[in-house]
Amino acid sequence: MKKKLIVTRRKAIISGLTAMGGLLLPGCKSKELPPTYGNILRMGDNLTYVAHRALLPGQALVKEYDPRDISSFPATGTFNPGDSSWKYYSEEWDKLHKNDFADWRLSVEGLVAKPLQLSLKDLMGLPAQKQITRHSCEEGWTAIAEWTGVRLGDVLKAAGILPKARFVNYYAFDGFTDSLDMLDAFHPQTILAYGMNGKNLPVPHGAPIRMRVETQIGYKSVKYLKRIVVTDEFDDFGENGAILNGWAWYNGI
Ligand SMILES: Nc1nc2c(c(=O)[nH]1)N[C@H]1C(S)=C(S)[C@@H](COP(=O)(O)O)O[C@H]1N2
Ligand SMILES: [Mo]
């Protein structure tokens, strides 16, 4: 009897999902579903993505905090790409670091009218934005910090993204790679951060520049940025990406 109930319930869930898919699909352009749609193991991602996109206005802001809420902030994952005993050691980053990142450039390329090579000075010359937000790591901890940077959207506008563009891929010196759809890339709180709590971004937290994606879980905020590529095609980035490491591509908070 109990078993039957479970079966029935599962059927209900499945038909619920199908109904929801049916409801959403007819008028649904592919951009209203995550690129991981169709993978049965990733059904949960589809629901989070669709629910967030349907229920929240695209540009809803995340909560910002008071300076007195700023907390201690552990560094995780890679915390020094210049450590040659580390498996993600980057000689390139190490050299740039030793010269105070004077030669560091952020490459913005792909489906853009004008590819850019931005120095730290170039980025700091764009309108700056400060925000005190909570970071949530998939491992269960959270921390609050003040970030200073430029809107990713401003950089993309400066490069002139082409109409076909659908994703913004970003690559780090330690191999970390991820992507955002256009809604999150142009979210007003998605910034390229060069400052943390009023100081230059410290090495453990991603110097010289990290992504801050305040609308999603911590691992989307990739540190040690090197390259941004605008594209019209989803890439899971193999073992450098979230999916193969068991994480969701979309993980809205
Ligand atoms: N390049 C790079 N970015 C990264 C990581 C990493 O290991 N390398 N770890 C991610 C994870 S899982 C989290 S929770 C945050 C941690 O940021 P923090 O080290 O500033 O606390 O960075 C994210 N970005
Ligand atoms: Mo994390």
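Rounding to the nearest 0.5 Å gives a distance of 10.5 Å between CZ of Phe234 and CG of Asp181. To the nearest 0.5 Å, the span separating OG on Ser72 from CD1 on Ile144 amounts to 10.5 Å. In this structure, the separation between CG on Asn197 and NZ on Lys130 is 10.0 Å, given to the nearest 0.5 Å.
Judged by distance alone, the side chain of Asp122 and the main-chain N or O of Ser119 form a donor-acceptor pair under 3.5 Å.
Within the structure, ring-ring contact (aromatic ring centres under 6.0 Å, His included) pairs that include any residue of residues 111-133 do not occur (at least two apart or interchain).
Salt bridge annotation for Lys87-Asp174: absent, with no cationic side-chain nitrogen under 4.0 angstrom from a carboxylate oxygen. Between Asp69 and Lys63 there is no salt bridge, since no side-chain nitrogen of the basic residue lies less than 4.0 Å from a carboxylate oxygen of the acidic one.
Looking at Leu61 and Pro188, their side chains come closer than 4.5 Å, going by heavy atoms from C-beta outward.
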**Q.** Verdict with supporting geometry, Trp141 and His135, ring pair (Phe, Tyr, Trp, His ring centres under 6.0 Å)
**A.** CA-CA 8 Å; Trp141 56 270; His135 177 97; 5.3 Å; yes

Q) Should Tyr88 and Trp93 be marked as a ring pair (Phe, Tyr, Trp, His ring centres under 6.0 Å) after you check the CA-CA gap, both sets of side-chain angles, and the distance that decides it? A) CA-CA 11 Å; Tyr88 300 117; Trp93 182 91; over 10 Å; no

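The only member of Gln131, Arg134, Lys220, Gln189 that meets side-chain hydrogen bond (donor to acceptor under 3.5 Å, both in side chains) when paired with Glu214 is Gln131. Evaluated for a ring pair (Phe, Tyr, Trp, His ring centres under 6.0 Å) with Phe237, the options Phe167, Tyr170, Tyr171 yield exactly one hit, Tyr171.
In this structure, the ring of Tyr49 has its center no less than 6.0 angstrom from the ring center of Tyr37. For an aromatic pair to be called close, the ring centres must be under 6.0 Å apart, and Phe73 with Trp147 satisfies this.
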Donor-acceptor contacts, no H, no angles, side chain residues 221-228, under 3.5 Å, sequence neighbours left out:
from	atom 1	to	atom 2	distance (Å)
Ser221	OG	Val213	N	3.0
Lys223	NZ	Thr76	O	2.8
Lys223	NZ	Thr78	O	2.8
Lys223	NZ	Pro204	O	2.9
Tyr224	OH	Thr78	O	3.3
Tyr224	OH	Val203	O	2.7
Tyr224	OH	Pro204	O	3.4
Lys226	NZ	Glu92	OE1	2.8
Arg227	NH1	Glu109	OE2	3.1

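Residues passing the side-chain hydrogen bond (donor to acceptor under 3.5 Å, both in side chains) test with Trp249 are Ser179, sequence neighbours excluded.
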